[in-house]
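By convention in this document, chain letters (A, B, ...) are assigned in the order of the sequence lines, proteins followed by strands, and residues within each chain are numbered from 1. Values reported hereafter were calculated over all heavy atoms of this structure, with side chains retained and with hydrogens, waters and symmetry mates removed. Treat the numbers as computed from the prediction; the structure is a model and nothing was measured.
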Amino acid sequence: MILASAGNIVVWIVWVGAGFACLASGVAVVSFSNPFYSALALIGNLGSLAVLYLLLSAEFVAAAQVLVYAGAVMVMFLFVIAYVGPRMETPWAGGPSWQSVAAVLAAGSIFLEIIVAVALKAGGRLSHSDHVNSTFGSPGWIGRLFLTDHLLAFEITSIVLLIAAVGGVILGSHTQRRSGEEASTS
Amino acid sequence: MSGPGVAWYLGISAFLFGTGALGVLVRRNPIIVLLSLEIMLNGGNLALIAFSRHAHNGAGQIFALAVMAVAASEVCVGLGLVVAIHRRRLALDVDRLSELRG
């Protein structure tokens, strides 16, 4: 009993820490003027989200989050930011424009709408069961689901990734060809 | 183990989604717009995984992995566009990139 309540307290402490880091780094991504710092804050956001996924016993998704997002995608972001060069932008400079006021109002109303919908529609019924299988969220379980129940989603995901890779190559090579043509004509 | 309930996770996910929406609407640098889009997608992912745990059903985690793949491909195309814009010596400002004409 004491051990269970101690584990409970540890879960709450980890949840509060990860949740606070998640929210703070999310705000930091939006408010930093240097895109390099924004990308670094997003890495922190993804890492703390992975901790939250672990608390929800989604181990494979947490590992994929760290590998795919915080590893591959963010390296790509940092590479492009380094290639383009950090361009400072002060989003809140010069007083509030009507555009930023409208954006804050729109984002706040989206937030409130979700909260109200969750509270009204599912307020009392959102307590998950304490017991969870030991296989829940494990790689083997996810793999079995992917290859049995969700095979179509798996295949379509691979096609989407292939199309994106082809699109990236075309976007990169097209401009190169165009600049080559300009160089040859001039 | 009974930690925080699903509603707490949904609160975090709603806040993340709102923050990302604010970034998409306010910022003008397309790279930061893409970063804010990632925050919105992650807010959705967190809600999916919380509901997956709540309903004890794996479909939510499968969907979250699919969202992750879609986000990776979106970043691939989006950063390709940013690099193409940069090569054309155009301004990296979504307010000034209002024409699709090459």
* Asked: At a heavy-atom separation under 4.5 Å, does A47(B) approach chain A through its side chain, its backbone, both, or neither?
  ->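 Neither part.
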* To do: Could you tell me which portion of S13(B) (side chain, backbone, both or neither) has an atom closer than 4.5 angstrom to a non-hydrogen atom of chain A?
  =>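 Answer is neither: S13(B) stays 4.5 Å or more from chain A.
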Please tell me if the side chains of [X] and [Y] come closer than 4.5 Å, counting only heavy atoms from C-beta onward.
X: V26(B); Y: V30(A); result: no
X: L46(B); Y: L49(A); result: yes
X: F111(A); Y: F17(B); result: no
X: F15(B); Y: V27(A); result: yes
X: H86(B); Y: Y83(A); result: yes
X: M74(A); Y: L35(B); result: yes
X: L34(B); Y: F77(A); result: yes
X: P4(B); Y: V11(A); result: yes

Any chance you could measure [X], atom [atom1], to [Y], atom [atom2], to the nearest 0.5 Å?
X: L48(B); Y: L56(A); atom1: CG; atom2: CG; result: 11.5 Å
X: S25(A); Y: I39(B); atom1: OG; atom2: CD1; result: 7.5 Å
X: S52(B); Y: F136(A); atom1: OG; atom2: CZ; result: 4.0 Å
X: I62(B); Y: H150(A); atom1: CD1; atom2: NE2; result: 5.0 Å

ILVMFWY cluster, [X] and [Y] together (side-chain gap under 4.5 Å):
X: L78(A); Y: I31(B); value: yes
X: L145(A); Y: L152(A); value: no
X: W141(A); Y: L151(A); value: yes
X: V160(A); Y: M68(B); value: no
X: L37(B); Y: L25(B); value: no

Return the option, out of [options], with the maximum number of heavy-atom pairs under 4.5 Å with chain B.
options: A41(A), G26(A), A103(A); value: A103(A)
options: V10(A), I114(A), I115(A), I9(A); value: I114(A)
options: T157(A), V84(A), L46(A); value: V84(A)
options: V68(A), I81(A), L52(A), L162(A); value: L52(A)
options: L23(A), V73(A), V16(A); value: L23(A)

Sort [X] into side chain, backbone, both or neither according to what part of it lies under 4.5 angstrom from a heavy atom of chain B.
X: L42(A); value: side chain
X: I142(A); value: both
X: Q65(A); value: both
X: F154(A); value: neither

* Compare every heavy atom of Q61(B) with every heavy atom of A58(A), then report the nearest pair and how far apart it is. =>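 Minimum heavy-atom contact is CB-NE2, 3.5 Å.
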* **Nearest heavy-atom neighbours spanning A164(A) and C76(B)** =>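 Nearest heavy atoms, A164(A) then C76(B): O-SG, 3.5 Å.
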* **Step-by-step side-chain contact (heavy atoms from CB on, under 4.5 Å) determination, F32(A) to I32(B)** => CA-CA 10 Å; F32(A) 274 142; I32(B) 298 196; over 6 Å; no
* **Pairing residues for S57(A) by the side-chain hydrogen bond (donor to acceptor under 3.5 Å, both in side chains) criterion, not counting sequence neighbours** =>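 With sequence neighbours excluded, S57(A) shows a side-chain hydrogen bond (donor to acceptor under 3.5 Å, both in side chains) to R53(B), given in chain and number order.
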* Would one find more than 12 heavy atoms of other residues, nucleotides or ligands at under 6.0 Å from atom CD of E155(A)? ->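 Yes - once you tally the heavy atoms of other residues, nucleotides and ligands closer than 6.0 Å, there are more than 12.
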* Largest heavy-atom contact set with chain A, pairs under 4.5 Å, which of A14(B), G23(B), G43(B) ->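 Winner by heavy-atom pair count: A14(B).
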* To do: May I ask you to name which of G18(B), S73(B), G80(B) has the most heavy-atom pairs under 4.5 Å with chain A?
  =>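 The candidate making the most pairs under 4.5 Å is S73(B).
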* To do: Sort out for me which residue in N42(B), T19(B), L16(B) forms a side chain to side chain contact (heavy atoms under 4.5 Å, CB included) with N45(A).
  =>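 Result for side chain to side chain contact (heavy atoms under 4.5 Å, CB included) with N45(A): L16(B).
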* To do: Give the ring-plane orientation class for W8(B) versus W12(A), where under 30° counts as parallel, over 60° as perpendicular and anything between as tilted.
  =>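 W8(B) vs W12(A) ring planes: perpendicular.
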* To do: Start with the C-alpha gap between V75(B) and Y69(A), add the side-chain angles, then the distance that decides, and say whether side-chain contact (heavy atoms from CB on, under 4.5 Å) holds.
  => CA-CA 10 Å; V75(B) 164; Y69(A) 260 125; 5.9 Å; no
